[in-house]
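Structure record follows, encoded as structure tokens.
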Amino acid sequence: MSGQFDEIAQASRRVELNPGDYLVSQGDTSQTVFLLVEGALKAVRYSQNGHEIWLSSFTPYTLIGEMSGLTGASRSSTVMCIRPSVVLAVEFLDFEQAILANPVFALKVSRLLAERVRNTSIQLEELATLQTSARLHSELFRL
């Protein structure tokens, strides 16, 4: 997979983030894909009432933002920095070219997306079946 990351790295720009900085915001329409190379980020979604809902944490060598690029939809979540971080920002057209040029890379991206859908389904099931007090305890424990 390093060959694909090399192609992406050549077409990218380096972005440094500090804790509290936003990488993307829910509803944004940018078509940039990111590769986290250092640090830690978290994805959250804001409910209609403005409540922050934790979705995921990201560690180095994780792709971020590929779903918006692939679907053309706006960002589904806000991604913020929780530790000093460095990401490589790649415009979606360059990312798409890497996918089209390399079926192995395309398969790895597909597996990444499938894993995220699986994890979200499990998280939703757990939240839907737990009583409110158990959900609160689970969230507090996670934090």
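Heavy atoms only: backbone and side chains are in, while hydrogens, waters and symmetry mates are out.
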Please examine the side chains of Ile99 and Glu96, heavy atoms only from C-beta on, and report whether any two atoms are closer than 4.5 Å.
no
If only atom types and distance count, is the side chain of Ser25 paired as donor or acceptor with the main-chain N or O of Thr78 below 3.5 Å?
no
For the hydrophobic clusters of this structure (ILVMFWY residues joined by side-chain heavy atoms under 4.5 Å, transitively), does one cluster hold both Leu112 and Val117?
no
Distance in Å, Leu93 CG paired with Thr32 OG1, rounded so as to fall on 0.5 Å steps
10.0 Å
Among the clusters formed by ILVMFWY side chains lying less than 4.5 Å apart, do Leu113 and Leu107 turn up in the same one?
no
Taking the side chain from Ser77 and the backbone from Arg45, do they hold a donor-acceptor pair closer than 3.5 Å?
no
Side-chain donor or acceptor of Ser68 paired with backbone N/O of Gly65 under 3.5 Å
no
Honestly curious: do Phe58 and Val24 fall in one hydrophobic cluster under the side-chain, below-4.5 Å linking rule?
yes
CZ/Phe95 to CD/Glu66 distance, rounded to the nearest 0.5 angstrom?
6.0 Å
To the nearest 0.5 angstrom, please state how far the NZ atom of Lys108 sits from the CG atom of Leu63.
11.5 Å
According to a 4.5 Å side-chain heavy-atom criterion applied to Ile, Leu, Val, Met, Phe, Trp and Tyr, with indirect links allowed, do Phe92 and Met67 form part of one hydrophobic cluster?
yes
If you compare all heavy atoms of Gly39 against all heavy atoms of Arg83, which two are closest, and at what distance to 0.1 Å?
O-NH2, 3.7 Å
Quick one: are His51 and Tyr46 in side-chain contact, heavy atoms under 4.5 Å?
no
Is it possible for you to say whether Ile82 and Val86 belong to one hydrophobic cluster, with membership spreading through side-chain heavy-atom contacts below 4.5 Å?
no
Hey, does Leu41 have a side-chain heavy atom less than 4.5 Å from the side chain of Cys81?
yes
Between CZ on residue Arg116 and OG on residue Ser121, distance to nearest 0.5 Å
14.0 Å
Approximate separation, where rounding is to 0.5 Å, of Arg75 CZ and Leu23 CG:
7.5 Å
From Leu55 CG over to Asn119 CG, what is the distance, rounded to the nearest 0.5 angstrom?
11.5 Å
Are any of the side-chain heavy atoms of Arg13 and Glu91 separated by less than 4.5 Å?
yes
Would you call Phe34 and Val79 a side-chain contact if the rule is heavy atoms closer than 4.5 Å?
no
Taking the side chain as C-beta and beyond, is there a heavy-atom pair between Ser12 and Leu35 under 4.5 Å?
no
